[in-house]
Amino acid sequence: MRLQYSIIISLISIIMFSQNKEFAPGKEWKDTDGVHINAHGGGILFDAGTYYWYGEYKTSGKSGNTSLIGFSCYSSKDLYNWKNEGIVLKIESDPNSEITKGCVMERPKVIFNKKSGKYIMWFHLELKGQGYNAAKAAVAVSDNPKGPFKFLKSYRPNKRVWPMGYKEEFKIASANENQLKSWSPEWLTAINNGLLVRRDFNKGQMSRDMTVYVDDDEKAYLIHSSEDNLTLHISELTDDYLDFTEKWTRMAPAGHNEAPAIFKKEGIYYMITSGCTGWDPNEARSFSSKSVLGPWKSLGNPCVGKDSELTFHSQSTYILPVSGKKEQFIFMADRWKPENPIDGGYIWLPIKISNEKPILEWADKWNLNSFAEKQ
Ligand code: DGJ
């Protein structure tokens, strides 16, 4: 009787709320229970015909950006209607755990490892009470896309390893380099020449905002804001996706990029990032490359039209290749609400490519069919 009752309730809620037929960027986005989706800084995995959206589960009020609950997961077949699958990586009650209540866990990204058959989640971890100083990449694993994920370990990547092609002369600190005035031309040159790579050589390189990318050859990469957020690092993962191969490169040194999101179209890799202004929006940047490890060419702001200088009041988090539609990519971004983080919104927009440059235009409403027609 109880079972029948809960089936009826589920059916009613599906009928009542499963009605989204389009994307409405920035508007409240209700899940199939009628509750605003709570999956911020998210990323998407497509697995066996289902999309899984993983994100930061935010709470209300000032402490809502610290991790009090964990990472959430939603599932969908059509990208418009999302079912809440619950918390898939829970914060741990042990006060000595690195993921104890009150730490900061951001930007979860899940990839599937074909060799091990495991689902691997990478995320940005800050230890409780240390602000953003720990700057670690962390990894968790599950046998199922719906979790539960088990926290494995955290890293400062590439400890005691120089980047690929790094010049011998940059391995040695120059006199007085630590006295240089921040943002002076000399300081920028020193950053470019590895001032902070050297500083973090023994401890491991920083990893704050991040994403993970699996290439066509199944090699995976962590792309992470490093060097005090001044330079992005691209670090190849081992075949099991749980560690680093020691093959890594730097991208846009001293360019101050956060929120990396990447996709590949017709053999060209594209990346969209933001500048660094905390929870406030800023102008996005775009890049292209013939290799994921670079060199990357700067292409400027991909956004056009009103509010393009503020990425339409949002910050990138992921670029989703739409399954079965090889040429369709969705730009996913967060509209942060630091005063009440649970209210944060989602900006999903179609990406157009024009002359090998990504273009983002605002749309109040759109769907995958209208997107296809525009291409
Ligand atoms: C901007 C980052 O992109 C977010 O993920 C978060 O780390 C905030 N900064 C914190 O201020």
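Just so you know, these numbers use all the heavy atoms, side chains as well, and skip hydrogens, waters and symmetry mates. What you see is a predicted model; the values in this text were computed from it and never measured. Just so you know, ligand 1 is whichever comes first in the structure, and atom 1 is the first atom listed for that ligand.
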**Q** I would like to know whether Asn367 and Ser370 meet side chain to side chain donor-acceptor pair (under 3.5 Å); could you show each step before the answer?
**A** CA-CA 5 Å; Asn367 62 39; Ser370 59; 3.2 Å; yes
**Q** Taking the side chain as every heavy atom from C-beta outward, state whether Phe46 and Val322 have any atom pair closer than 4.5 Å.
**A** no
**Q** Do the side chains of Arg199 and Asp228 get close enough for a salt bridge, i.e. N-O under 4.0 angstrom?
**A**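 A salt bridge links Arg199 with Asp228.
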**Q** Report yes or no: does Gly278 have a heavy atom closer than 4.0 Å to ligand 1?
**A**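 True for this residue.
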**Q** What part of Gln315 sits under 4.0 Å from ligand 1 if we count only heavy atoms: the side chain, the backbone, both or neither?
**A**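 The answer is the side chain of Gln315.
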**Q** Could you identify the single nearest non-hydrogen protein atom to atom 7 (O) of ligand 1 and state the distance to 0.1 Å?
**A**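 Checked against all protein heavy atoms, atom 7 (O) of ligand 1 sits closest to Glu106 OE1, 2.7 Å.
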**Q** At what distance is the nearest protein heavy atom to atom 3 (O) of ligand 1, and which residue and atom is it?
**A** Asp209 OD2, 2.4 Å
**Q** Which is closest to atom 5 (O) of ligand 1 in terms of heavy atoms, Glu56, Arg107, Glu126?
**A** Arg107
**Q** Please evaluate residues Thr50 and Ser75 with respect to the criterion side chain to side chain contact (heavy atoms under 4.5 Å, CB included), reporting the C-alpha separation (whole Å), side-chain torsions for both, the decisive distance (0.1 Å), and the verdict.
**A** CA-CA 7 Å; Thr50 301; Ser75 66; 3.8 Å; yes
**Q** Under the criterion side chain to side chain donor-acceptor pair (under 3.5 Å), I'd like the reasoning laid out for Asp47 against Tyr119: C-alpha separation, chi angles, the key distance, then a yes or no.
**A** CA-CA 10 Å; Asp47 186 76; Tyr119 297 83; 3.0 Å; yes
